[in-house]
Amino acid sequence: MDSEMITKDEEMEEAAPQKAEEEKKSIIVILVGAPGSGKSTFSEDVMKTSSRSWVRVCQDTIANGKTGTKAQCLKKATDALNDGKSVFIDRCNLDREQRSEFLKLGSPHVDVHAVVLDLPARLCISRSVKRTGHEGNLQGGKAAAVVNRMLQKKELPKLNEGFSRITFCLNEKDVEEAVKTYGALGPFDTLPSGSFGQKNPDAKVQLGIMKFMKKVDPPNSCCKDPVSKQESKETNPSSKEQDVVAFSAQNTDKNIKADGNSRERSAAGSATTNDIPTLAFPSISTADFQFNHEKASDIIIQKVEEFLDKIGNGRLVLVDLTSGSRILNLVKVKAEQKNIDSSKFFTFVGDITQLYTKGGLHCNVIANAANWRLKPRGGGVNAAIFNAAGPALEIATKEAAGDAGCIQPGSALTVPLPSTSQLHKREGVTHVIHVLGPNMNPQRPDCLNNDYDKGCKILREAYSSLFEGFASIVRTKEFNKDPSKTVSTVPSSLIDQRSKREGVFDLDSNKKYKGPKVEVGVEKKSESTEKFTGDGTAKSWESWAQSLHRIAMDPEKYNKDVLEISDDVVVLNDLYPKAQKHLLVVARKDGLDRLTDVRVEHLPLLRTMHNAGVKWATKLISDEPSLVFRLGYHSDPSMRQLHLHVVSQDFNSTHLKNKKHWNTFNTAFFLDSVDVIEEIEKCGKAKLNDNERLMSVELRCNKCRSAHPNIPRLKSHISRCRAPFPSDLLQNGRLVVAPNGSGVEA
DNA sequence: GTTCTAGAAC
DNA sequence: GTTCTAGAAC
């Protein structure tokens with residue numbers, strides 16, 4: 001009996017390992033989820049019920065209860081698998097790269113599974129906060145920031161990474177199911193391969209991910225009950241409405257005043273508040289431009305207080321993507337201290353491009369922290385808004401920016417958003433106001449090098465411009481008359497405005513183009529004219545170069561395009577102005593094509609041209625005293641017919657595009673009218689310079705003479721350079737300035 | 001003069 | 001990958 005028993009036992013002992021090698025497969029379950037998604041709880045729950053031998057490898061506690069390294073996790077997992085145990089990898093594993101090394105642990109004897117705890121971010125955040133045991137704002141903010149950051153980078157696992165099975169859990173119920181499934185696994189059980197639980201496969205998954213990633217999470221420490229709200233939302237499949245309500249209600253909590261108007265504020269998403277004109281704006285300059293948050297928050301409060309009376313029934317809302325935002329919290333506290341009416345101004349956590357659909361907050365107007373070129377590039381709010389609005393915003397912006405094509409620090413540009421834009425259709429945004437704030441980031445253009453006197457001044461100007469722009473929209477829009485206008489309905493006024501403007505624009509260019517150009521084309525061959533260069537060689541004027549000559553010979557024909565016609569000169573706006581104001585005074589004398597043709601006998605004409613130029617410059621200065629003009633000739637002009645440039649020295653124009661454009665106005669290629677006259681008086685003819693060389697010299701600021709690597713950088717610089725003009729320009733009447741000299745002050 | 005665009009530069 | 005320049009065509 002005994003021996004039999006022993007034999008049996010021995011047999012069993014021998015047989016068991018054999019069987020294990022043949023049939024028993026270990027499983028490594030890579031848990032995927034943000035902090036607070038419940039990874040640890042999941043593995044613990046499984047281990048409680050499972051008859052299988054599990055090892056939980058938790059990076060947070062692997063080093064004697066403290067956070068360890070990935071390498072430590074890999075080692076512990078390898079050891080456990082070698083022991084024939086199954087393993088939970090309890091770390092976030094949110095991106096493919098993080099998972100890849102654990103996937104390598106798979107083998108014919110080890111199945112690699114993923115369990116994705118893809119629960120709502122707000123749930124993760126609230127759990128995360130609870131776990132830290134801190135209720136403070138900071139802690140909550142930190143947790144939110146961490147979770148948000150991780151979810152930004154989230155890449156859901158795919159079978160082709162090497163998983164034999166992936167289980168997606170999108171809510172608590174899914175998690176329970178998965179716990180049951182894994183908990184029921186005996187030592188020899190396996191689970192079917194494949195991907196389970198993901199709601200929208202393939203393309204739609206990506207959409208879902210995108211939506212989820214963009215979803216903004218409410219505050220945590222200041223919202224004690226997001227969990228219950230989230231859960232109630234999940235049990236109710238028609239979640240959209242719930243989402244909005246819950247979000248608004250939560251948002252109320254972090255509004256500035258906890259008393260009084262909470263009802264009104266919590267109803268942010270309801271129809272009744274849609275007709276309240278609302279400006280949502282990001283904090284200007286505090287992100288990429290690295291402006292000091294304390295100073296910025298003071299300025300925001302100051303400007304909000306100043307403008308609250310000026311915006312009628314409108315509201316101002318400071319928006320930031322995360323509840324951990326320092327600037328948001330600073331402003332919130334300061335607004336509370338100042339007792340600012342929280343129904344008129346409050347802070348809001350959300351994506352500024354999805355305030356209505358995701359946050360239930362209807363904002364007719366949103367501000368964009370733009371770059372100086374008003375380009376959709378870069379990151380942050382600017383890219384997000386251009387992206388969400390689509391090409392319509394780019395076109396509308398270009399149109400609104402006009403010739404300048406860019407904005408200066410401290411200024412704002414209101415752009416009506418075409419109804420074709422998604423942002424208009426979906427979010428009810430009718431206007432975008434681009435704002436450019438001061439920059440303190442040495443990596444970005446126009447860095448103020450910590451000059452906060454200047455910086456604060458510019459930031460104040462920026463908010464003034466922004467709020468003024470909004471106030472002006474409020475004044476003209478009369479929001480309350482027709483609430484239906486504001487959401488998803490195309491304001492007809494907008495379309496009219498746009499098409500009208502386009503019409504004007506087209507008409508303008510047609511006018512200017514067709515007049516001279518068409519005729520020039522017709523007469524091109526019969527009228528090709530010789531052009532004598534400085535060294536006496538001749539070349540013919542190309543067809544495109546003859547427009548000025550044509551106008552000078554027959555100005556009445558171009559009546560609409562010219563500003564002034566006299567016996568001697570014609571004054572007109574340059575078709576492609578290189579500055580805010582750029583006029584041409586064209587000599588009417590035939591045969592006087594360029595400066596080399598000018599002799600002593602033309603001196604009276606040159607003086608007449610100069611005087612006409614000064615007269616027009618003075619007139620323009622009386623309208624805009626900050627303008628400063630310089631009058632002069634190009635050494636080697638492209639256009640036939642002697643013409644004097646009258647150009648304002650801001651060089652703020654989209655038409656100034658390349659090195660040649662700059663250098664023709666800002667090197668010795670540009671001959672001041674006063675000097676030309678003096679030279680001809682003295683020597684009988686104008687002295688010309690080495691034009692080829694001058695065109696390729698480095699780009700230097702016309703004021704401080706600093707060098708810049710390319711045109712965009714140069715333009716960025718000159719838009720803010722406050723240096724005085726170089727002394728040579730200040731002499732001999734080379735500049736025409738306002739009587740009080742306002743344009744040349746340092 | 002401008003526009004267009006290839007490819008250099010970043 | 002994007003920005004910017006520079007050369008050709010008009």
Side-chain angles (χ1 to χ4, degrees), chain A residues 288 370-380 382-383 386-387 391 394 398 403 405-406 442-446 505-506 508-525 527-529 531 533 539-552 558 561 570 572-579 582-586 593-595 632-647 651 653-666 669-670 691-700 707-718:
Chain A
D288 196 31
N371 52 50
W372 72 278
R373 290 206 296 173
L374 299 163
K375 286 279 171 68
R377 62 183 184 160
N382 183 59
F386 272 104
N387 208 10
E394 276 182 66
K398 225 174 185 178
D403 284 346
C406 54
Q443 309 288 317
R444 297 282 173 269
D446 294 329
F505 184 80
D506 287 341
D508 271 356
S509 44
N510 284 347
K511 247 194 304 184
K512 287 180 179 172
Y513 259 108
K514 280 181 184 161
K517 276 211 166 175
V518 166
E519 284 185 34
V520 163
V522 169
E523 295 171 40
K524 181 179 165 187
K525 276 168 193 156
E527 263 210 343
S528 178
T529 313
K531 167 188 180 182
T533 56
K539 56 181 178 185
S540 64
W541 294 94
E542 296 288 338
S543 60
W544 48 260
Q546 310 245 19
S547 333
L548 289 181
H549 176 257
R550 190 155 318 288
I551 292 171
Y558 308 100
D561 297 313
V570 176
L572 67 154
N573 278 308
D574 194 299
L575 181 55
Y576 299 99
K578 302 299 183 292
H582 183 184
L583 311 186
L584 301 177
V585 179
V586 187
D593 287 344
R594 57 208 305 274
L595 213 46
Y633 298 88
H634 283 163
S635 295
D636 184 15
S638 300
M639 306 293 285
R640 179 186 179 194
Q641 196 65 21
L642 183 70
H643 55 280
L644 173 70
H645 290 272
V646 179
V647 59
F651 294 106
S653 166
T654 47
H655 298 294
L656 200 158
K657 291 174 176 169
N658 57 44
K659 199 169 199 171
K660 187 177 179 188
H661 290 156
W662 179 258
N663 284 341
T664 53
F665 287 96
N666 291 287
F669 186 92
F670 189 86
N691 300 319
E692 290 266 316
R693 185 187 63 82
L694 289 171
M695 285 311 95
S696 58
V697 298
E698 61 194 345
L699 299 164
R700 283 188 178 275
H708 299 269
N710 56 45
I711 287 290
R713 297 271 283 275
L714 173 75
K715 290 178 87 172
S716 158
H717 168 82
I718 59 171

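Convention: sequence-line order gives letters A, B, ...; per-chain numbering from 1. Note that the structure is predicted; figures quoted are calculated from it, not measured.
Following rounding to the nearest Å, Asn371(A) (CG) and dT2(C) (P) show an atom-to-atom distance of 15 Å. Spacing between atom CG of Leu584(A) and atom C1' of dG1(B) amounts to 11 Å, rounded to whole angstrom units. Computed from coordinates, the Leu575(A) CG to dG1(B) P distance equals 12 Å when rounded to whole Å. At whole-Å resolution of the value, CH2 in Trp544(A) and P in dT2(B) are 9 Å apart. In this structure, Leu548(A) atom CG and dG1(B) atom P are separated by 9 Å, rounded to whole Å. The interatomic distance linking His582(A) (NE2) with dG1(B) (P) rounds to 8 Å, in whole Å. Nucleotide dT5(C) holds its C1' atom 17 Å from the CD atom of Glu698(A), rounded to whole Å. Atom CG in Asn658(A) sits about 14 Å away from atom C1' in dT5(B), given to the nearest Å.
Phosphate contact (OP1/OP2 of dT2(B), side-chain N/O of Lys578(A), threshold under 4.0 Å): present. Phosphate proximity of dT2(C) to Arg373(A): absent, as no side-chain N or O sits under 4.0 Å from OP1 or OP2. Using a 4.0 Å cut-off, no side-chain N or O of His661(A) falls inside it from OP1 or OP2 of dG1(B).
Among the atoms of the strands shown, none is found under 4.0 Å from any heavy atom of His643(A). Within 4.0 Å of Asn710(A), counting heavy atoms only, lie sugar-phosphate atoms of the nucleic acid but no base atom.
Phe386(A) approaches Leu374(A) most closely through the heavy-atom pair CZ-O, 3.6 Å. Scanning both residues, Lys659(A) and Ser696(A), for their nearest heavy atoms gives NZ-O, 3.5 Å.
Under the 4.5 Å side-chain criterion, counting only non-hydrogen atoms from C-beta, Phe670(A) is in contact with His645(A).
Of the possible polar contacts, one joining the Thr664(A) side chain to the Lys660(A) backbone as a donor-acceptor pair under 3.5 Å is found.
Relative to the side chain of Pro712(A), the nucleotides dC4(C), dT2(B), dC10(C) differ in distance, and dC4(C) lies closest. When distances are taken from the side chain of Lys657(A) to each of dT3(B), dG1(B), dC4(C), the shortest belongs to dT3(B). Here dT2(B) is the nucleotide among dA6(C), dT2(B), dT5(C) with the atom lying nearest to any side-chain atom of Tyr576(A).
Under the 30°/60° scheme for interplanar angles, the aromatic rings of Trp662(A) and Phe651(A) are found to stand perpendicular.
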